[in-house]
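Let me begin by presenting the structure, written as structure tokens, before commenting on it.
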Amino acid sequence: VQLQASGGGLVQAGDSLRLSCASSGRTFSSYAMGWFRQAPGKEREFVAAISWNGQTRYHADSVKGRFTISRDNAKNTVYLQMDSLKPEDTAVYYCAGRLMSPYFSSSYHQGHEYNYWGQGTQVTVSS
């Protein structure tokens, strides 16, 4: 499975961006998907995750109410809608995939549980 993230850019505080992550695999609908980010000098952190069918979604407290994860299995794509962006959202954003498991609800935020990673897309928010 190959993942290709896109949609990053330079925006001002308060603006919106939508990130996309396209999968080349035919089994995309079998995978739970997540978004993570890493700012310069900081550790990678969880942003959002979504179950294989889109019915279960999780968002980090820092983005809750501003970011929304979604997916379109017909297009093999997962999205991250980012509204009301803040300078502290500046980071490289990575999409990741993992096979669905009974442990997803307790481990969705753990990066090491994800098997496939995209190359990252830069999001820069100016104040």
Side-chain angles (χ1 to χ4, degrees):
V1 174
Q2 291 186 329
L3 303 175
Q4 181 74 36
S6 61
L10 172 63
V11 298
Q12 294 186 333
D15 285 350
S16 298
L17 277 176
R18 188 176 80 156
L19 305 184
S20 299
C21 176
S23 170
S24 63
R26 294 182 295 174
T27 57
F28 178 75
S29 60
S30 300
Y31 289 84
M33 299 297 296
W35 287 97
F36 293 78
R37 68 186 181 186
Q38 187 166 20
K42 295 187 177 181
E43 293 186 352
R44 183 180 63 196
E45 65 173 350
F46 166 77
V47 176
I50 189 167
S51 61
W52 67 275
N53 58 4
Q55 291 187 354
T56 303
R57 311 181 193 195
Y58 302 97
H59 298 85
D61 288 344
S62 59
V63 306
K64 201 168 291 183
R66 299 188 299 121
F67 291 11
T68 303
I69 189 171
S70 63
R71 67 189 297 159
D72 185 339
N73 285 346
K75 296 182 178 179
N76 285 2
T77 302
V78 62
Y79 305 98
L80 184 67
Q81 178 66 42
M82 305 187 295
D83 298 321
S84 303
L85 281 161
K86 303 176 181 180
E88 51 263 44
D89 295 320
T90 295
V92 177
Y93 283 72
Y94 299 91
C95 61
R98 55 178 283 183
L99 286 171
M100 276 300 296
S101 81
Y103 309 104
F104 177 64
S105 61
S106 61
S107 62
Y108 60 86
H109 59 292
Q110 297 175 336
H112 65 266
E113 293 288 338
Y114 289 75
N115 309 104
Y116 305 99
W117 291 83
Q119 85 288 3
T121 184
Q122 176 72 46
V123 173
T124 303
V125 185
S126 63
S127 57

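For clarity, every value in this text was computed on a predicted model and none was experimentally measured.
- Contacts of E45 classified as salt bridge (Lys or Arg N to Asp or Glu O under 4.0 Å), with partners at least two apart in sequence or in another chain: R37.
- Among pairs with a residue in residues 96-107, none fulfils salt bridge (Lys or Arg N to Asp or Glu O under 4.0 Å), at least two apart in sequence or across chains.
- Taking CD1 of I69 as the reference point, atom CD of Q81 lies at 12.5 Å (rounded to 0.5 Å).
- Distance OG1/T77 to CG/L19: 12.5 Å, rounded to 0.5 Å.
- Applying the under-4.5 Å side-chain rule to Ile, Leu, Val, Met, Phe, Trp and Tyr, the cluster around M100 extends to F36, F46, W52, Y58, V92, Y94, F104, Y108, Y114, W117.
- Residue pairs satisfying the salt bridge (Lys or Arg N to Asp or Glu O under 4.0 Å) criterion with at least one member in residues 48-65, sequence neighbours excluded, are listed as follows: D61-K64.
- For the pair L17 and G9, the tightest heavy-atom approach, listed with the atom from each and the gap, is CD1-N, 4.0 Å.
- Considering OG of S23 and OH of Y116, their distance stands at 9.5 Å, rounded to 0.5 Å.
- R66 pairs by the salt bridge (Lys or Arg N to Asp or Glu O under 4.0 Å) definition with D89, not counting sequence neighbours.
- For residues 59-80, the set of pairs meeting the ring-ring contact (aromatic ring centres under 6.0 Å, His included) definition, not counting sequence neighbours, is empty.
- Within the structure, no pair that satisfies the disulfide bond (SG atoms under 2.5 Å apart) test touches residues 25-76, not counting sequence neighbours.
- Closest non-hydrogen pair, V78 versus F28, comes out as N-CZ, 4.0 Å.
- Within the structure, side-chain hydrogen bond (donor to acceptor under 3.5 Å, both in side chains) contacts touching residues 8-18 (residues at least two apart or in different chains) are S16-D83.
- Within the structure, disulfide bond (SG atoms under 2.5 Å apart) contacts touching residues 62-98 (residues at least two apart or in different chains) are C21-C95.
- Under the salt bridge (Lys or Arg N to Asp or Glu O under 4.0 Å) criterion, no residue pair touches residues 68-78, with sequence neighbours excluded.
- Screening residues 97-126 for disulfide bond (SG atoms under 2.5 Å apart), with sequence neighbours left out, gives no hits.
- When hydrophobic side chains of Ile, Leu, Val, Met, Phe, Trp and Tyr are connected at separations under 4.5 Å, Y103 ends up as a singleton with no cluster partners.
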